[in-house]
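Just below is one structure, and these are the notes that go with it.
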Amino acid sequence: GTSMAAPLVSGSAALVRDYYKQNGVNPSGALVKATLAHSGHNLPGYVDLNGVGLLAPVPKVPNSFSGFGLVSLGKVLSFADSMFKLFSYDRVQLSGYNRQVYCYQVVDDREFKATLSWYDPPASPAASVLLVNDLDLDVFYYRNGSKSSTRVPGNGKESGDRVNTIEQSTVSRIPRDYLVAVTVRA
């Protein structure tokens with residue numbers, strides 16, 4: 001429950017901050033938050049959907065039961081002997097209707113995950129939309145030379161997530177030599 005989750009995540013946040021500092025980066029809170037969410041993985045088991053015993057498997061993350069999942073720093077902090085590479089960008093500014101695109105080439109068949117987190121000032125109490133800065137994350141992947149791609153929107157929201165200041169796109173397996181474009185839109 002939450003009595004164990006709070007100290008685990010707090011300690012993990014301190015380790016993440018120390019990791020970045022040791023690598024010459026002064027991380028923002030948004031980068032620490034994104035790194036923690038990026039490390040999460042699905043929890044096994046079942047949840048009570050309606051409070052009266054209707055059990056169902058825990059949905060894939062992110063979800064309203066376990067958020068972005070169980071924190072597992074070994075899945076996100078890369079070291080010399082890691083089988084993956086961590087790419088992080090901090091304090092990138094977007095304004096108006098601009099976008100930022102990050103491109104990668106897949107070198108072996110494995111999961112690809114992108115996570116976006118940002119600070120947002122409080123909206124007016126009378127506002128119908130609570131996000132002042134509504135950013136959207138999309139992952140596109142395609143075979144090198146192809147003119148068509150597959151889109152995986154942040155948090156699975158086809159028209160964009162209008163509520164949260166953190167979004168994540170996960171593709172369970174992208175074939176080797178595919179290209180990936182991670183797009184952040186303001």
Side-chain angles (χ1 to χ4, degrees), residues 1-43 59-80 82 84-104 111-125 127-139 152-157 160-171 180-186:
T2 56
S3 62
M4 286 305 296
L8 172 78
V9 173
S10 297
S12 296
L15 291 171
V16 167
R17 182 164 178 71
D18 186 59
Y19 170 85
Y20 283 117
K21 294 285 252 181
Q22 287 185 21
N23 286 285
V25 175
N26 183 20
S28 67
L31 178 58
V32 172
K33 177 180 169 182
T35 304
L36 290 170
H38 197 83
S39 79
H41 62 89
N42 291 320
L43 292 168
K60 287 175 53 175
V61 296
N63 63 60
S64 60
F65 299 102
S66 61
F68 286 89
L70 181 64
V71 172
S72 180
L73 296 183
K75 291 185 171 217
V76 71
L77 301 180
S78 64
F79 298 95
S82 296
F84 60 91
K85 178 89 171 126
L86 170 67
F87 295 94
S88 61
Y89 305 91
D90 198 12
R91 296 181 177 91
V92 176
Q93 295 183 10
L94 288 175
S95 60
Y97 292 97
N98 292 323
R99 73 179 56 203
Q100 186 73 38
V101 180
Y102 303 93
C103 297
Y104 306 93
E111 178 181 84
F112 183 91
K113 187 188 292 188
T115 305
L116 169 69
S117 177
W118 69 96
Y119 294 125
D120 202 53
S124 165
S128 61
V129 177
L130 298 181
L131 286 179
V132 174
N133 300 299
D134 185 8
L135 303 180
D136 288 308
L137 173 71
D138 286 305
V139 170
V152 181
N155 294 349
K157 308 285 185 179
D161 187 332
R162 306 285 175 247
V163 177
N164 298 299
T165 58
I166 186 165
E167 295 189 18
Q168 188 173 87
S169 293
T170 304
V171 182
V180 177
V182 177
T183 304
V184 178
R185 289 177 289 125

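Asp136 and Leu116 make their closest contact through C-CD2, 4.4 Å (heavy atoms, listed as atom of the first residue, atom of the second, distance). Residues Val76 and His38 share a closest heavy-atom pair of CG2-CD2, 3.5 Å. Counting all heavy atoms, side chain and backbone alike, Cys103 lies closest to Val101 at SG-CG1, 3.9 Å. Nearest heavy-atom pair across Val132 and Ala123 is CG2-CA, 3.8 Å. Summarising the geometry of Ile166 relative to Trp118, their closest heavy-atom pair is N-CZ3, 4.0 Å, with the distance given to 0.1 Å.
With sequence neighbours left out, Asp161 forms a side-chain hydrogen bond (donor to acceptor under 3.5 Å, both in side chains) with Asn155, Asn164. Listed by chain and residue number, nothing satisfies the side-chain contact (heavy atoms from CB on, under 4.5 Å) test with Pro122 (two or more places apart in sequence, or in another chain). In terms of the side-chain contact (heavy atoms from CB on, under 4.5 Å) criterion, residue partners of Val92 (sequence neighbours excluded) are, by chain and number, Tyr89, Gln100, Tyr102. For the ring-ring contact (aromatic ring centres under 6.0 Å, His included) test, residues two or more places apart in sequence or in another chain that qualify with Phe87 are Tyr104. Every residue was checked against the ring-ring contact (aromatic ring centres under 6.0 Å, His included) condition with Tyr119, not counting sequence neighbours, and none meets it. Partners of Arg91 according to the side-chain hydrogen bond (donor to acceptor under 3.5 Å, both in side chains) rule, which considers only residues two or more places apart in sequence or in another chain, do not exist here. For Ser66, the side-chain hydrogen bond (donor to acceptor under 3.5 Å, both in side chains) partners at least two apart in sequence or on another chain are Asn63. With sequence neighbours left out, the side-chain hydrogen bond (donor to acceptor under 3.5 Å, both in side chains) criterion links Glu167 to no other residue. In this structure Ser78 satisfies the side-chain contact (heavy atoms from CB on, under 4.5 Å) test together with Tyr19, Ser82, Phe84, Leu86, sequence neighbours excluded. Phe65 meets the ring-ring contact (aromatic ring centres under 6.0 Å, His included) test with no other residue; sequence neighbours excluded. For the side-chain contact (heavy atoms from CB on, under 4.5 Å) test, residues two or more places apart in sequence or in another chain that qualify with Ser124 are Ala126, Ala127.
Separating the CG atom in Asn133 from the CG atom in Asp120 is a distance of 4.5 Å, to the nearest 0.5 Å. Atom OG of Ser39 and atom CG of Leu15 lie 11.0 Å apart (nearest 0.5 Å). To the nearest 0.5 Å, the span separating OG1 on Thr170 from CD on Gln168 amounts to 4.0 Å. If you take CD on Glu111 and NZ on Lys75, they are separated by 7.0 Å, rounding to the nearest 0.5 Å.
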Distance-only check: which donor-acceptor pairs under 3.5 Å involve side-chain atoms of residues 27-36, not counting sequence neighbours?
unit_1, atom_1, unit_2, atom_2, d
Ser28, OG, Ala30, N, 3.4
Ser28, OG, Leu31, N, 3.1
Ser28, OG, Asp90, OD1, 2.6
Ser28, OG, Asp90, OD2, 3.4
Lys33, NZ, Thr165, OG1, 3.1
Thr35, OG1, Tyr20, OH, 2.8
Thr35, OG1, Leu31, O, 2.8

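Ion pairing between Arg185 and Asp134 fails under the 4.0 Å rule for side-chain N and carboxylate O.
By the 6.0 Å contact criterion, OH on Tyr97 is open, its count of non-hydrogen atoms from other residues, nucleotides or ligands being 12 or less. Other residues, nucleotides and ligands contribute more than 12 heavy atoms inside 6.0 Å of the CZ atom of Arg162.
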Exercise. Take Lys157 and Asp138, measure what salt bridge (charged side-chain N to carboxylate O under 4.0 Å, His left out) needs, and give me the verdict at the end.
Key: CA-CA 10 Å; Lys157 308 285 185 179; Asp138 286 305; over 6 Å; no
